[in-house]
Every structure is written in structure tokens, then in C-alpha cells.
Student: 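Below you'll find the structure I mean.
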Amino acid sequence: MLDRKFIVENSDAVKQNCYNRNVSVDVDLLVELETTRKAVAQSVQELNTAANAISKSIGSAKDSDERERLKEEGRLLREQKDAAQHHHDALDAEIHALQLHIPNMAHPDCPVGEDDKANLEISTGKHSPRKFDFKPLDHLDLGEKRGWIDFEAGAATTGNGFYFLKGDLVLLDLAVQQFAVRELVKRGFTPTITPDLARDSVLEGIGFMPRGPETQIYSIQDSDLSLIGTAEITLGGMYSGKTLASDELPIKMCGISHCYRTEAGAAGRASRGLYRVHQFTKIEMFAFTLPEQSDAMHDELRQIECDLFDAIEIPYRVVDTATGDLGGPAYRKFDLEAWMPGRGEGGEWGEVTSTSNCTDYQARRLNIRYKEKDKKGTQFVHTLNGTAFALSRALIAILENHQNADGTVNIPACLRPIMGQEKM
RNA sequence: GGACGGAUGGCUGAGUCUGGUUUAAGGCACCGGUUUUGAAAACCGGCGUAGGGGUAACUCUACCGGGGGUUCGAAUCCCUCUCUGUCCGCCA
């Protein structure tokens, strides 16, 4: 969420940003309501000051008549104060509701455009798409043929979009996780296994809308808990309400969790197999930084994603996400799109990771601050997140790129020591 | 799951029974000053967060785990939730 004062003082820029990001919010109304709210807050304060003074004088009233008279006066003032307070709270709630819909400001270098067609390719990986001398299978055909993936049993036990992984594919899945965690630990990330459920208030703080008509979130009946869609939720929530010392920053964490998404309305050939599923495992990078560190941290996260996909020998391209395709909290977002030879007719790029700099947008809602030593006051930290590996999609890339004509799959060199085999 | 405690500023810790000179005592830590060759000690002063008003000095409001209630007035009384401690039960 953006700062109200910022919105009021920069309403034109905020409106332009909403337009660029395809979000319609009545910014003028917010500015007007906020101006009124401040005036009402002022009068609440003044009434309270007067009432406090009366209350204080009652203790030293000289007789009971005097006391009763003052009590009545105090009662009246409190009633007026309560009325003003109600007015204020109603305005505040209305402003807050508008504020939640205003997206973060976008980085000045973000490509401006309506949707993902305006995304800008900025680099490619070390490996180029491979020329096959046979027709490559898509991961689902390959996985079913080899007995690695079973959607039928998943549908029977749980529902459409759920799956069982079996055999060597499980070993590969675990090896990818293990590899990612080791690499991230080397680079100063604290490995963290998080809960797979979180309070709705935490989901909202990160920018998710649980329990709405268009929600992508599974929620637990008769509780305020939901299944997380990403460890970003729990890692951010972990520090909710905290004030950090500036010299603790940056904090880098590597979250390991399952992710659950309803994926309402998504279907079709492009989301076949493991590409779009209701449950997957993700190794997630998350960082809290000082404001001046966040751009550099964003570059670092993007570079790590590149290094990881180079390591598993997958061709990819990096795109700078256009304004219209950014989520609400993101100031800037880079996606890695891996080459998936089995996707579409003859191969397509498919999103495998994304890294966002959310600046202070999430921190303001979650109330995560930092304090500089010997300085008065606190400021909001910046938060960033990035996918190391989303299992399921990383598995698609490995299966499809490293498959052989006989249905076997070569294990990328970096995973062989962990898996203990070169082929599966 | 049961019983009984507890949660107060950066830390420690009084205040809660009995609501009102308490602007939340005292101590520790920290910062500035005096003193000293330097340091320690001593002494003096400062020492929270957020929001509002003011060019500023300054000032007002809210905050004693969260939320609600009683009252003119709540750290203090009542309800509720969360966390935590001890004991009991159950358990991989």
C-alpha cells in the first residue's frame, strides 16, 4: 500500500501510474476523503484535550455539587468526541479500502504497456534451445510413459489438477530442492521451512485477497487460516510488526514450502500437465533491505535465478515485466522464461521464475520498519522476493530439454552428485 | 485436553488488591556535559513510537500483549482473544 501523504501530494503521478498498470481507482475521491479525515481527526483531538482536562479536575473538586457539574460537562464532551471519532473511523475505513486498490509505483525503466505482450526481453541464458533429431515429447507424455507422473490418481484421491510424483522424478525433485538450498546458503540466505498455512491478515498484508469471489487462495473453513500460495506470505508475515536495526539489513531468507493455488478459470493446452497445478513445492528467496539497497538486491536475485537455470543447463530468457502485467505490490518484476520444447507446436517459452522488488509497499501494510542507530524515528524496509525453483515447472524444463529418443532423461551435471545417477 | 500464574519503555522492574498530582517510580544500558594528562568513578542533563499543529522554540493526541466494555476518568475493574510459565494428563 502507498503512503496516504504521498498519494495526496503526488496524486497526478499516482493516477498516471494506475492508468499505466490498468487499474482503475478514484484517486481524487481518496484525496478529498483524506483531507476531510484530517480535519475531523483534529477536532477529535481537541475534544479529547478538553475532556481530559475536565476529568483531571474532578479529582480535586471541592464539593460534590461541583463534582457532579463537572461530571456532566465531561460526559457531554466525551459524547461529542465519540461522535467525531465515529465519523473519523468511517472515513478512515473508506480511504483504506481505496488505498488497498492502488498499486505500487512502477520503476521508471519499466516498459509501459497493457499486458504481457509489452514485456521486454533483456537477456538470455548460457544455453540455447537444443536441436532435436527426434520429436521431443512434452513432459506429461514422457512422465506418464515412464510412470513418474500420475494425474489420474491425483484426480481420484484429491481432485482435478492434483498429481502424484513417483520414482526417479521424486529423486530429481528432491535433488533440485537440495541443490537450490545449498547454493542459496552459500550466498548468505538463511534456509527456512515455513508453515504452509497463514492467517488471512498476513495474506492481505502481502497483497493477496483471500476469500473474495476471485480469490486464488484456498481457505480453511471455521478459521481465519488459508493455505499459502507462496512462502513469500509466511516469510513476510514472520517479521510483521517488527522494527529491525538498520545494521541487521539486508536479511536474506530462503523459504521452503508447499504452495497452493485454486487457479480458478485457468485451463487449456498451455497449462497442461505440471505447468499449472493446485499444489507444488517452491524454494523461494525473500529479502528485507534498506531502501537504498533494494535495486541492487533485485539485480542479485535476478542473477541468482539466472545462475541456477544455467546450472541445470536450461535455455531461458529474462523479461522486464510491463506495467500492465505487474502485480499490485511490485515496483519492478523480472521473469525467467525457460524453453520448453514440448510446449505448443515445436516449443515455447514458459515462465519459471519471477522476482519482484516491492519497495515499501508490503512493509507499510505489514508494519515492518527499521531504525538507524542514534537517529530518531523509523522507516519502512523494502521487501523483495524471487523464485529459486518452483518444482513442477523446473521439472518440466528438465524433462523436456534433457530427454533422449528412448524416453530416458539426462540428469544435469550439478544434480548428479546429489541424485547419485547420470540418467533416469 | 485440565488447573493456576504471568505479559508494563532498549533491558530490568515498581505501580494493579483500594481507578484520579503518575507528565508510568527506581535501576541498568545508551547519548551529551562538568571534572580528569587519559580513563574510571562521581555529579548534572538527556534518553520511546506513531500521528496532528507550528518557520521555530514548542505543543496536542494515542499507545502499559491484541480487541471490546464499565466510568467524567482505566496500566489498575469486567469480558474476550493471543502468547507465555509451572504442574497434571495424553502422545510420535
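Lettering follows sequence order; numbering is per chain, from 1.
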Student: Taking the C1' atom in each of C58(B) and C64(B), what is the distance between them to the nearest angstrom?
Tutor: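 About 27 Å, rounded to a whole number of Å.
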
Student: Fit a plane to each ring of His278(A) and Tyr218(A), take the angle between them on a 0 to 90° scale, and name the class: parallel (under 30°), tilted (30 to 60°) or perpendicular (over 60°).
Tutor: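 Rings of His278(A) and Tyr218(A): perpendicular, over 60°.
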
Student: Without hydrogens or angle criteria, can the side chains of Thr321(A) and Asp325(A) be said to hold a donor-acceptor pair below 3.5 Å?
Tutor: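 There is no such pair (donor and acceptor under 3.5 Å, judged by atom type) between the side chains of Thr321(A) and Asp325(A).
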
Student: Under 4.0 Å between a Lys/Arg side-chain N and an Asp/Glu carboxylate O for Glu300(A) and Lys252(A)?
Tutor: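 Lys252(A) and Glu300(A): salt-bridged.
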
Student: Say you pick atom P in C47(B) and the same atom in A24(B); how far apart are they, in whole Å?
Tutor: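 The same atom, P, in both gives a distance of 13 Å.
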
Student: Could you give the distance separating G73(B) and U61(B) at their P atoms, to the nearest angstrom?
Tutor: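 Result for the P pair: 15 Å, nearest Å.
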
Student: Can you tell me how far P in C44(B) sits from the matching atom in A29(B), rounded to whole Å?
Tutor: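 Pairwise P distance, C44(B) against A29(B), rounds to 16 Å.
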
Student: Listed in order of residue number, which residues of residues 46-53 of chain A have a non-hydrogen atom at under 4.0 Å from RNA chain B?
Tutor: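 Heavy-atom cutoff 4.0 Å gives Asn48(A), Thr49(A), Asn52(A).
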
Student: Lys56(A) side chain N/O closer than 4.0 Å to the phosphate oxygens (OP1, OP2) of G73(B)?
Tutor: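 No, outside the criterion.
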
Student: What string of B, S and - do you get for nucleotides 50-57 of chain B, 5' to 3', if B is base contact, S is sugar-phosphate-only contact and - is no contact with any protein heavy atom under 4.0 Å?
Tutor: SBSS----

Student: Who does G15(B) pair with, Watson-Crick or G-U, both distances under 3.5 Å?
Tutor: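 Looking at the geometry, G15(B) pairs with U8(B).
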
Student: Whom does A57(B) pair with, Watson-Crick or G-U wobble, provided both distances fall under 3.5 Å?
Tutor: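 Check on A57(B): unpaired, no WC or wobble geometry under 3.5 Å.
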
Student: Check whether any side-chain heavy atom of His382(A) sits under 4.5 Å from a side-chain heavy atom of Gln293(A), and report yes or no.
Tutor: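 With C-beta onward as the side chain, the pair stays apart.
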
Student: Name the pairing partner of G45(B), where a pair is Watson-Crick or G-U wobble with both distances under 3.5 Å, or state none.
Tutor: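 Pairing partner: C31(B).
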
Student: When the P atoms of G46(B) and G26(B) are considered, how many whole Å apart are they?
Tutor: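 It works out to 11 Å between them.
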
Student: Should the ring pair Tyr316(A) and Phe309(A) be called parallel, tilted or perpendicular, given that the plane angle runs from 0 to 90° and is split at 30 and 60?
Tutor: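 Rings of Tyr316(A) and Phe309(A): perpendicular, as their planes differ by over 60°.
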
Student: Any salt bridge linking Lys117(A) with Asp115(A)? Criterion: basic side-chain nitrogen under 4.0 Å from a carboxylate oxygen.
Tutor: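 Salt bridge present between Lys117(A) and Asp115(A).
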
Student: Assert yes or no for the condition that the ring centre distance of His139(A) to Tyr275(A) is strictly below 6.0 Å.
Tutor: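 No: the rings miss the under 6.0 Å criterion.
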
Student: Take atom C1' in U16(B) and the same atom in G5(B), then report the distance between them in whole Å.
Tutor: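 Between the two C1' atoms, the distance is 15 Å.
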
Student: Less than 4.0 Å between a side-chain N and a carboxylate O, is that true for Glu305(A) and Arg302(A)?
Tutor: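 Salt bridge flag = no for Glu305(A) with Arg302(A).
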
Student: With a 3.5 Å limit on both atom pairs, tell me what G89(B) is paired to, counting Watson-Crick and G-U wobble, or say none.
Tutor: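 Paired with no nucleotide.
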
Student: Suppose you measure atom P in U8(B) against the same atom in A62(B); what distance do you get, rounded to whole Å?
Tutor: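 Taking atom P in both U8(B) and A62(B), they lie 22 Å apart.
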
Student: So that I can tick it off, tell me whether Arg69(A) and Glu73(A) are bridged by a salt bridge, with the cut-off set at under 4.0 angstrom between side-chain N and carboxylate O.
Tutor: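 Yes, Glu73(A) and Arg69(A) are salt-bridged.
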
Student: Please give the distance between the P atoms of U70(B) and U76(B) as a whole number of Å.
Tutor: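 Straight-line distance between the two P atoms is 15 Å.
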
